[in-house]
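The basis for the numbers below is simple: all heavy atoms, side chains too, and nothing from hydrogens, waters or symmetry mates. Everything numeric in this text was worked out from a predicted model, so none of it was measured.
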Amino acid sequence: MRSPHLDILKRQSDGGFVWVETASDIRTAEERISQLARVAPGEYFVFDQRSRQIVAKIARKLTTEGPQCAEP
């Protein structure tokens with residue numbers, strides 16, 4: 001079994017990051033950040049510990065729906 005080497009992080013409003021969880025492969029990590037963004041909108045990153053690079057990211061903004069936000 002491969003040890004997890006991909007960290008999933010979420011950007012905080014102050015610009016910092018909070019660690020969410022790890023994943024063993026990029027496909028799982030990409031699916032997971034998509035799931036997380038649907039449930040809790042925000043900016044998520046997959047950081048590869050081996051290469052020390054961000055290898056995936058997604059940003060989903062929180063939207064409010066209602067008459068005051070309706071487009072003409």
Side-chain angles (χ1 to χ4, degrees):
M1 184 170 159
R2 296 171 58 183
S3 67
H5 68 280
L6 299 170
D7 288 318
I8 296 175
L9 309 167
K10 182 177 184 185
R11 186 182 304 270
Q12 299 297 290
S13 58
D14 65 2
F17 295 93
V18 64
W19 178 88
V20 178
E21 60 190 69
T22 60
S24 296
D25 62 82
I26 190 66
R27 185 176 187 160
T28 301
E30 289 174 332
E31 289 173 2
R32 186 65 179 131
I33 62 173
S34 290
Q35 292 170 349
L36 289 165
R38 280 193 302 273
V39 174
E43 195 171 7
Y44 293 87
F45 298 86
V46 179
F47 178 78
D48 187 327
Q49 295 175 13
R50 294 177 184 163
S51 68
R52 299 185 171 264
Q53 304 252 342
I54 293 172
V55 294
K57 65 180 176 178
I58 189 170
R60 187 152 301 156
K61 293 183 180 180
L62 179 62
T63 59
T64 57
E65 294 185 19
Q68 71 275 16
C69 297
E71 294 285 327

Open item on the list: V46 and side-chain contact (heavy atoms from CB on, under 4.5 Å): which single residue from I54, T22, I26 fits?
Closed with: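 Only one of I54, T22, I26 forms a side-chain contact (heavy atoms from CB on, under 4.5 Å) with V46, namely I26.
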Spacing of [atom1] belonging to [X] relative to [atom2] belonging to [Y], to within rounding of 0.5 Å:
| X | Y | atom1 | atom2 | result |
| --- | --- | --- | --- | --- |
| K10 | F17 | NZ | CZ | 12.5 Å |
| I33 | F45 | CD1 | CZ | 9.0 Å |
| Q53 | D48 | CD | CG | 8.0 Å |
| Q12 | E43 | CD | CD | 11.0 Å |

Open item on the list: Before you tell me yes or no, could you show the steps for E30 and S34 under side-chain contact (heavy atoms from CB on, under 4.5 Å), namely the whole-Å CA-CA distance, both residues' side-chain angles and the distance that decides it to 0.1 Å?
Closed with: CA-CA 6 Å; E30 289 174 332; S34 290; 5.8 Å; no
Task: Hphob cluster co-occupancy, W19 + F47, side-chain heavy atoms under 4.5 angstrom - done: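 Per the 4.5 Å side-chain linkage, W19 and F47 are co-clustered.
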Open item on the list: Between I58 and L9, is there shared hydrophobic-cluster membership here, with clusters defined by ILVMFWY side-chain heavy atoms closer than 4.5 Å?
Closed with: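 No; tracing contacts between hydrophobic side chains, which count when under 4.5 Å, never links both residues.
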Return the minimal non-hydrogen interatomic distance between [X] and [Y], and the atom names on each side.
| X | Y | answer |
| --- | --- | --- |
| Y44 | L36 | OH-O, 3.6 Å |
| P4 | Q49 | O-OE1, 4.5 Å |
| S24 | L6 | C-CD1, 4.3 Å |

Open item on the list: For K57, is the NZ atom crowded, meaning more than 12 foreign heavy atoms sit under 6.0 Å from it?
Closed with: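 Count not over threshold, so no.
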- [ ] Assess the side chains of R32 and Q35: does a donor N or O sit below 3.5 Å from an acceptor N or O?
- [x]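 On atom types as modelled, these side chains qualify, holding a pair under 3.5 Å.
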